[in-house]
Amino acid sequence: MTEKKGYAGNGFVHVKNPHLALMDEDILYHLDLGTKTHNLPAMFGDIKFVCVGGSPNRMKAFAQFMHKELGFEGDGKDVKDICAGTDRYSMYKVGPVLSVSHGMGIPSISIMLHELIKLLHHAKCRGVTIIRIGTSGGLGIEPGSVVITDTALDSFFKPQFEQVILDNVVVRSTELDKDLAEELLNCSKEIHDFPTMIGHTMCTYDFYEGQGRLDGALCSFSSEKKLEYLKRAYNAGVRNIEMESTVFAAMCGLCGLKAAVVCVTLLNRLEGDQITVPHEVLLEYQRRPQQLISIFIKKRLGLYNQNKLLDNAFFFSN
Ligand SMILES: O=P(O)(O)O[C@@H]1C[C@H](O)[C@@H](CO)O1
Ligand SMILES: O=c1cc[nH]c(=O)[nH]1
C-alpha cells in the first residue's frame, strides 16, 4: 500500500488523524507540552522556520547563533529550553525560528516529529519550512562538504520509507521539496569556505553494519563487499549517508510541510569508517549547515543584504 502526499494549499500543517479532533486534550508527552497546560498558539503561532538535528547541544548552539544573526539584544546565552521538563528532546525559540533536537535514528526522530507536527497544528502555524541540519558520512566527496538532499533513499536505494502500521507495511514517498533545495543551493553561493552540492542521501537503521562499516562490534562482510555496496550507492546518486532523512521526508511531505535535509559530511566512506577528525574540526563542520540556513532564513525574512544585517531587532520578540 502506498500513501499519497499531503496538500499544503492553505499553508496550514495537516494532521491526518480523525481521532485528534475528538480528543479533549492533547498531551505532547515527550516535549512536556500540552493543549490544556500551554497556550500553544501564543507560544508558537509565529513560527516560520523549524530546524531539527540530532544533538541537543548543536540545536542550542544553533538557537544562540540565530539569536545573534537575527540581531536580538544580548548574547543569547540564556536561551531557555522549552522542553526542560523532559530530557528526551530540547527545544529553543528565537523569534520565528524553532530549534529542536531529535536524537539518533528513525524511531527517535519519528516520535519527535509526531509531537512537533501536532504542536505546529495546534499553534495554527502557517507557511512553515522545516530543515534537518545534521552530520553524515560522505560518499566520494571531500570531508566537510555539505549535501542538500533532493531525495532520501533507503538501504536498497529506493526513494521510499516503509512504515509498519499494525501488521501492515505502508510505503511512503521520501521526495523532498526541489524548489527549496535549489533555493538553499543558491544561498550556498554566498559561502566560499566549503563545497555544497545537491545529491541523494541514503538513510539507514544503523551506524555500523547498516552503513557498511567494518569497525562495529559485529561485522560479517569483507572489505571488498563493503566497497562494492558503497560504490553502487554512489552510482545510484548517493552522496551521503545518515539515519533520519527518509522518515523525515515522508512525514513532513504527508503533513504539508516544505522540508529540506542539509548535512555536513564528516568523512569519505570510500576511504574509511572511523571518524578521525579532531573535536574542534567536528564542531566547525557542524556549524556549516547552520551558516547556510542562517543565510536562507535571513534572505526569506528580507534581512540579508550583502552580508550586512538590517536593524531588525525590533521586528521580533522572543
Ligand atoms: O543530526 P545527527 O548528526 O545526529 O545525524 C547523524 C545521523 C545519526 O543520528 C548520527 C550518527 O552519528 O548522526
Ligand atoms: O558516517 C556517518 C557520520 C555521521 N552520521 C552517520 O549516520 N554516518
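Counting from 1, the numbers follow the sequence of the chain as shown. Whatever order the structure lists ligands and atoms in, that order sets their numbers, starting from 1.
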Next on the checklist: Among residues at least two apart in sequence or on other chains, which ones pass side-chain hydrogen bond (donor to acceptor under 3.5 Å, both in side chains) with R269?
Outcome noted: D273
Checklist entry - Please walk me through it: do L184 and N186 pass side-chain contact (heavy atoms from CB on, under 4.5 Å)? => result CA-CA 5 Å; L184 288 164; N186 227 17; over 6 Å; no
Item to check | ligand 2 contacted by T204 (non-hydrogen, < 4.0 Å) | outcome: no
As an exercise, identify every atom of ligand 2 less than 4.0 angstrom from a heavy atom of [X].
{"X": "L267", "value": "1 (O)"}
{"X": "T135", "value": "4 (C), 5 (N)"}
{"X": "M243", "value": "7 (O)"}
{"X": "E242", "value": "7 (O)"}

List the closest protein heavy-atom neighbour of [atom]: residue, atom name, distance to the nearest 0.1 Å.
{"atom": "atom 10 (C) of ligand 1", "answer": "M104 SD, 3.8 Å"}
{"atom": "atom 5 (O) of ligand 1", "answer": "R132 NH2, 2.9 Å"}
{"atom": "atom 2 (C) of ligand 2", "answer": "G137 N, 3.3 Å"}
{"atom": "atom 7 (C) of ligand 1", "answer": "E244 OE1, 3.3 Å"}

Checklist entry - Would you say ligand 1 has an N or O under 3.5 Å from any N or O of S55? => result no
Checklist entry - Polar-atom distance check: T135 versus ligand 1, any N or O pair below 3.5 Å? => result yes
Check ligand 1 against [X] and write out every atom of the ligand that is under 4.0 Å from a heavy-atom position of the residue.
{"X": "G54", "value": "1 (O), 2 (P), 4 (O)"}
{"X": "F207", "value": "11 (C), 12 (O)"}
{"X": "G134", "value": "1 (O)"}

Checklist entry - Looking only at N/O atoms, are R213 and ligand 2 under 3.5 Å apart anywhere? => result yes
Checklist entry - ligand 2 and Q211, any nitrogen or oxygen pair closer than 3.5 angstrom? => result yes
Item to check | Cluster link L227 to L267, ILVMFWY, side chain under 4.5 Å | outcome: no
Next on the checklist: Grouping I, L, V, M, F, W and Y whenever their side-chain heavy atoms are under 4.5 Å apart, do L282 and V264 come out in a common cluster?
Outcome noted: yes
Next on the checklist: E228: which residues meet the salt bridge (charged side-chain N to carboxylate O under 4.0 Å, His left out) condition with it, sequence neighbours left out?
Outcome noted: R232
Item to check | E244 side chain to G105 backbone, donor-acceptor under 3.5 Å | outcome: yes
Checklist entry - Which heavy atom of H30 sits nearest a heavy atom of T86, and at what distance? => result O-CG2, 3.2 Å
Checklist outcome for this item: In terms of heavy-atom contacts, L180 and D177 come closest through N-OD1, 2.8 Å
Item to check | ligand 2 contact on I241 by region, counting heavy-atom pairs under 4.0 Å | outcome: backbone
Checklist entry - Of the backbone atoms (N, CA, C, O) and the side-chain heavy atoms from C-beta on, which set of Q286 has a member under 4.0 Å from an atom of ligand 1: side chain, backbone, both, or neither? => result neither
Item to check | Neighbour count above 12 (heavy atom, 6.0 Å) for Q274 CD | outcome: no
Next on the checklist: Other residues, nucleotides and ligands only: do more than 12 of their heavy atoms fall within 6.0 Å of CE on M197?
Outcome noted: yes
Checklist entry - Does a salt bridge link D26 with K36, judged by any charged N lying under 4.0 Å from a carboxylate O? => result no
